[in-house]
Amino acid sequence: MISTAVASTGYPPVTVLSFYGQPLWMVLLKVVAIFIFLMVMTLFAIWAERRVIGRMQQRPGPNRAGPFGLLQSLMDGIKLPLKEDIVPRHVDKLLFWLAPAIALVPAFVSFAIIPFGPEVSIFHHQTPLQLTDLPVAVLLVLAMSSIGVYGIVLAGWASASPYPLLGALRSSAQVVSYEIAMGLSFVAVFLYAGSLSTSAIVEAQAHGNAFHVGGVTLHYPSWYAVLLFPSFFIYLVTMVGETNRLPFDLPEGEGELVGGFHTEYSSLKFALFYLAEYINMTTVAALATTLFLGGWRAPWPISVWASANTGWWPLLWFLAKVLILLFCFVWLRGTLPRVRYDQLMRFGWKILIPASLAWILMIATIRVWRQHGGSTPVYIVGGAILGALLVLAWAGDVAAERRRIAAAEAAEPAAQEPEPGAAPPSFPVPPLDLPHYHGVGVTAGSGSGPADPDAVPRGTVKEVTGA
């Protein structure tokens, strides 16, 4: 494996030891580069989202500021901090100010372990295109996503308003539900790669097992998106739920929560929440690229080119994969409606988590069997049995749901016909308790000009409510 990596990149493979002894200026340079990259990606993602959705809805989208409207996001970013910063009187000011920062900082920190490319030469210093790596690097992303939700929860609680609080509670429940499934989707990758280090996981996807066709040596697919497709699919679903994007944007549902957890925020603080959302989108897309799509390695058939994975070329392949995943976010927003909250919770707890657990058991069994010399027919039979069990479990859940609905319908009285002599059912009208609703101190005149001599006091008119 090491000799193959040296031949393909020209340098030894990147490991955790590759980040020791880096000069301080190199570390600061990488920090600044990642910060600029995330800011530029946010501006581009907002512009691209508005343009793509505009195209889907047969309208132009932003096209005034700069060529093709490219400067529109920059102008909006300059405008937001200059708007009036309104802070309600009743809020907890300390937490109200800290919440946007708590939501934003973990989004930046998570990107520190994402590898952009192999070792390159920067000012005559050999260094990996990655800020740092850890033996448990992927767990850092999970930890930061857990901390980031504190910003949303504190924003809702500090606002001391019912709608932001409801949005914050929704967000905490959603993150707990979908973060479990996200973590379980990583387990199969860890079992195959044998490491939690992002650089090691990318290296493990370098080459699949070789086979020969007509004297030509080819390789089986090595990306975990192919080998571990159920894990990849589960991660794609959970990353949408983790970033609170449609169809899972329940914490900020405008129809029922006004604006959700950031209803009371304006100006720069609102912009920080907005920035955190798009940085999180970029982070989860980059993590999907690293864990399932081969990282910075070139896809086939570009990988046939000998220099595809050397120098700065891998940075281009990495960006292309990330942009494709970001397009999927926009595609979902433009095509799918928002799901109900009970559907969101049911999908996370009853489908994603059980499916992840069953898939992990299957992968662990295959790995152990392979170490002890298993055979392909056994894998096929085991997979068929597991698939049958999953289908039976799904069918049982559907049948139970249908029985529950039928029982609820049976418990309700059938369409009751009014008894002879009984008053017909009336349309429910909410109570009208305010004094002027009952005509207290209000006349039937127009309220302008001379008083109407034929005006009748409201209190003498019988109010018909339909009840």
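Throughout, residue positions are numbered sequentially from 1 according to the sequence presented. All values below were derived from every heavy atom in this structure, side-chain atoms included, with hydrogens, water molecules and symmetry-related copies excluded.
Shown here for Leu140 and Val109, the closest heavy-atom pair between the two residues is CD2-O, 4.4 Å. Taking both residues in full, the closest heavy atoms of Pro60 and Arg51 are given as O-NH1, 3.5 Å, listed atom of the first, atom of the second, then distance.
Between Asp397 and Arg346, no side-chain nitrogen of the basic residue sits less than 4.0 Å from a carboxylate oxygen of the acidic one, so the salt-bridge criterion is not met.
Between the side chain of Thr198 and the backbone N or O of Ile113 there is at least one donor-acceptor pair closer than 3.5 Å. In this structure, the side chain of Lys321 engages the main chain of Arg297 through a donor-acceptor pair within 3.5 Å. In this structure a side-chain-to-backbone donor-acceptor pair under 3.5 Å is present from Trp317 to Ala308. Side-chain N or O atoms of His262 include none that pairs as donor or acceptor with a backbone N or O of Tyr274 at under 3.5 Å.
Donor-acceptor pairing under 3.5 Å is recorded for the side chains of Thr127 and Lys30. Ser266 and Glu84 form no side-chain donor-acceptor contact under 3.5 Å, judged by distance and modelled atom types alone. If you check the side chains of Ser197 and Ser195, you find no donor sitting under 3.5 Å from an acceptor. A donor-acceptor pair shorter than 3.5 Å can be found between the side chains of Gln174 and Asn244.
In this structure, Glu401 and Val398 have side chains that are not in contact, with every pair of non-hydrogen atoms separated by 4.5 Å or more. Considering only heavy atoms from C-beta on, Tyr278 stays 4.5 Å or farther from Thr243 through its side chain. A heavy-atom distance below 4.5 Å is found between the side chains of Phe292 and Tyr224. The closest side-chain heavy-atom distance from Arg338 to Leu246 is below 4.5 Å. In this structure the side chain of Phe190 reaches within 4.5 angstrom of the side chain of Val138, judged on heavy atoms. By the 4.5 Å heavy-atom criterion applied to side chains, Arg340 and Pro247 are not counted as neighbours. Asp85 places none of its side-chain heavy atoms less than 4.5 Å from the side chain of Leu268. In this structure, the side chains of Phe96 and Lys269 come closer than 4.5 Å at one or more pairs of heavy atoms.
Between Phe347 and Tyr178, the ring planes lie tilted relative to each other; the angle falls in the 30° to 60° range. Ring-plane geometry between Phe37 and Phe111 is classed as tilted, the angle between the planes lying from 30 to 60 degrees on a 0 to 90 degree scale.
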Report the C-alpha distance between Leu80 and Phe270 in whole Å, list the side-chain angles of each, state the deciding distance to 0.1 Å, and finish with yes or no for side-chain contact (heavy atoms from CB on, under 4.5 Å). CA-CA 8 Å; Leu80 268 178; Phe270 174 79; 4.3 Å; yes
Test salt bridge (charged side-chain N to carboxylate O under 4.0 Å, His left out) applied to Asp249 and Arg170, step by step: CA-CA 10 Å; Asp249 63 336; Arg170 283 185 174 188; over 6 Å; no
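Note that Arg367 lies in the cation-pi zone of Tyr192, set by a 6.0 Å cut-off to the ring centre and a 45° limit from the axis.
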